[in-house]
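First, the structure itself, so that you have it in front of you.
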Number of protein chains: 2
Amino acid sequence: MELDLSQTEENYLKAIYSLFVVSNKAVSTNKIAEKLATKASSVTDMIKKLAEKDLVNYVKYQGVSLTGKGKEIAIHVIRKHRLWEVFLVRHLGFQWDEVHEVAEQLEHVKSVKLTNGLDAFLDFPRYDPHGDPIPDKDGNFIKRNITVLSALKEGDESKIVGVKDSSSAFLKYLDNAEIKLGVEIKVLHKESFDHSMMLLIEGQKISISQQISSNLYVKQND
Amino acid sequence: MELDLSQTEENYLKAIYSLFVVSNKAVSTNKIAEKLATKASSVTDMIKKLAEKDLVNYVKYQGVSLTGKGKEIAIHVIRKHRLWEVFLVRHLGFQWDEVHEVAEQLEHVKSVKLTNGLDAFLDFPRYDPHGDPIPDKDGNFIKRNITVLSALKEGDESKIVGVKDSSSAFLKYLDNAEIKLGVEIKVLHKESFDHSMMLLIEGQKISISQQISSNLYVKQND
DNA sequence: ATAATTTTTTAGACTTGTCTAAAAATAGTT
DNA sequence: AACTATTTTTAGACAAGTCTAAAAAATTAT
Ligand SMILES: [Mn+2]
Ligand SMILES: [Mn+2]
Ligand SMILES: [Mn+2]
Ligand SMILES: [Mn+2]
């Protein structure tokens, strides 16, 4: 029962998985097309193929969701993606905004020994450079209690633990503003006019727009 | 002038390169087909495509050779292949007979930063686990003066530096017989009947068949 | 030199993944 | 309920890479 999927098929499973996670309901053809920068008609074709292989549940016009097997594969690809990202940053001198593109390629390399060997070499990291949890070899991963920074109220204190947007542009902005994962922050003021925030980060007062605060994850305080 | 080749195209270039190296003349369609476990007709099709891209010199019915650009790409893929093999053995606990299959996948990952970062991480290794030289980032590599062990005469002393056959079966045989790269050997006796050899390896007397001795490379003594 | 054999190329077909254009189904609006 | 707009699916085509079967060229043998 060893099915060998193409990179394309794996990418579809990953896309469906991540879209399902945010909405928690059947994923639409158009959403998948947008995510994979392809056309809706191509998506329909591929969905049929994946349904044939029992990797997705598909009812015409009703959207698609992953089966157990499909979810397992999607998570395994995500595991590889994130492990490689850790490797690139820790050992090859990549910046956190440079790793994604390469990890998109490395995630499709098929070798259980490679994946688990890499995991061990990295000492079983639990988060990738963007703060996303890394599934273990059985597909289990930490479900963190997080919110976006923009949801905090004046006076709240928390810790920055991840990014929602991991585009190179956003990550470079954060580098520039010296906002790193793991730092403690305090919300000094919320401007009701434009919803910008004044933060205290490591003794520094920094003002950030809502665009920024809504793309930063902080630890949920409770 | 950035051409983006498919994995298949890269594999053809690599095959043509390695076949050319042994014969030093235009490579035949059938040889390529055999090497890549495909059909001659498929090879002809692909050769035309590569000729179109100026990666090979092709004259109908006369075989094929690499252009400068084609050779450059082939060597670059080989560089990646061998660097990954070193990584897998040194850092992920792979045996030397397990690395090839995975390296066949990793060699197609495209990122200059990745390749050069890996090279630096490994401290610029000059040989892969099978004793094959690793091209540097400019495509230059050591041309060693080597012969097959079977060519040595009685009384000759040398050092084992590589394997000609790198099949898992052969490599496992070597592991079992405790024949490793880098060890000094002395030819005690050559049996004229079956061309087997009696060797002295690290104080041990070992007899090997011609099948074995003709697949081991030793340093040329002069 | 001619015939037989082998190698290489061509012709036509198939699969995967994609596309555009058009049809069908669904959702939203009056 | 009927019309409109949007979403999704189908139909047909294309490029990449492969295959089988047959034709053409090159090589080897007689
Ligand atoms: Mn990523
Ligand atoms: Mn990531
Ligand atoms: Mn190899
Ligand atoms: Mn090797």
Side-chain angles (χ1 to χ4, degrees), chain A residues 2-16 19-20 22-23 25-66 70 73-74 77 104-105 107-108 110, chain B residues 2-16 19-20 22-23 25-66 70 73-74 77 104-105 107-108 110:
Chain A
E2 286 302 307
L3 64 172
D4 206 9
L5 300 185
S6 68
Q7 301 199 177
T8 308
E9 289 171 315
E10 289 187 343
N11 284 335
Y12 271 89
L13 293 179
K14 224 176 29 142
I16 295 164
L19 289 169
F20 188 88
V22 300
S23 72
K25 56 179 206 272
V27 178
S28 80
T29 303
N30 265 358
K31 281 273 159 55
I32 299 170
E34 188 188 4
K35 182 120 194 166
L36 295 176
T38 184
K39 299 291 147 128
S41 57
S42 306
V43 173
T44 302
D45 286 347
M46 178 56 86
I47 284 172
K48 284 182 188 165
K49 219 175 95 184
L50 296 175
E52 197 57 47
K53 295 186 181 183
D54 265 310
L55 298 169
V56 300
N57 308 113
Y58 172 54
V59 184
K60 256 188 209 177
Y61 294 101
Q62 310 277 122
V64 70
S65 64
L66 295 178
I73 294 171
V77 175
E104 283 294 315
Q105 299 178 63
E107 72 186 5
H108 300 294
K110 284 169 183 70
Chain B
E2 288 299 309
L3 64 174
D4 206 7
L5 300 185
S6 68
Q7 301 199 177
T8 308
E9 290 171 316
E10 289 187 342
N11 284 335
Y12 271 89
L13 293 179
K14 221 175 33 143
I16 295 164
L19 289 169
F20 188 88
V22 300
S23 73
K25 56 177 205 271
V27 178
S28 79
T29 303
N30 266 357
K31 281 273 158 56
I32 299 170
E34 189 188 5
K35 182 117 192 170
L36 295 176
T38 183
K39 299 291 147 121
S41 56
S42 306
V43 173
T44 302
D45 285 348
M46 179 57 86
I47 284 172
K48 284 180 187 166
K49 219 174 96 182
L50 295 174
E52 198 57 46
K53 294 186 182 184
D54 264 311
L55 298 169
V56 301
N57 308 114
Y58 172 55
V59 184
K60 256 189 208 177
Y61 294 102
Q62 311 276 121
V64 71
S65 63
L66 295 179
I73 294 171
V77 175
E104 282 294 314
Q105 300 178 64
E107 72 187 5
H108 301 293
K110 284 168 183 71

When rounded to whole Å, the CD1 to P distance for the pair B:I47 and C:dT9 reads 6 Å

Rounding to 0.5 Å, atoms CG (A:L3) and CD1 (A:I73) come to a distance of 5.0 Å

Does the side chain of A:Y58 reach to within under 4.5 Å of the side chain of A:T44, using non-hydrogen atoms?
yes

To the nearest angstrom, the CG-P distance between A:D45 and C:dT20 comes to 13 Å

Of all heavy-atom pairs linking B:F20 and B:S65, the shortest is CE1-CB, 4.1 Å

DNA chain C nearest-nucleotide lookup for B:G63 and A:S6: closer to the 5′ end is B:G63

A side-chain contact here means heavy atoms from C-beta on lying under 4.5 Å apart; do A:V43 and A:V64 qualify? no

In whole angstroms, the gap separating P of C:dT16 from CG of A:D4 amounts to 13 Å

d(A:T29 OG1, A:Q62 CD) to nearest 0.5 Å is 10.5 Å

Rounding to 0.5 Å, atoms OG1 (A:T38) and CG (A:N11) come to a distance of 11.5 Å

* To do: Using a 4.0 Å heavy-atom cut-off across all strands, classify B:T44 as base, sugar-phosphate, or nothing.
  => base

Taking every heavy atom of B:I47 against every heavy atom of B:V56, the minimum-distance pair comes out as O-CG2, 3.8 Å

Check: Taking side chain as C-beta onward, heavy atoms only, is B:L13 less than 4.5 Å from B:V77?
Finding: no

When rounded to whole Å, the CD to P distance for the pair A:E9 and C:dT18 reads 10 Å

Expected list for residues 30-42 of chain A near DNA chain D, using heavy atoms below 4.0 Å, is A:N30, A:A40, A:S41

Is any side-chain nitrogen or oxygen of A:K48 closer than 4.0 Å to OP1 or OP2 of D:dT10? yes

The complete set of salt bridge (charged side-chain N to carboxylate O under 4.0 Å, His left out) pairs with one or both residues in residues 5-16 of chain B, sequence neighbours excluded, reads B:E9-B:K49, B:E9-B:K53, B:E10-B:K110, B:K14-B:E104, B:K14-B:E107

Here the residues of residues 52-61 of chain A within 4.0 Å heavy-atom distance, strictly under, of DNA chain D are A:Y58, A:K60, A:Y61

Rounded to whole Å, the OH-P distance (B:Y12 to D:dA16) equals 14 Å

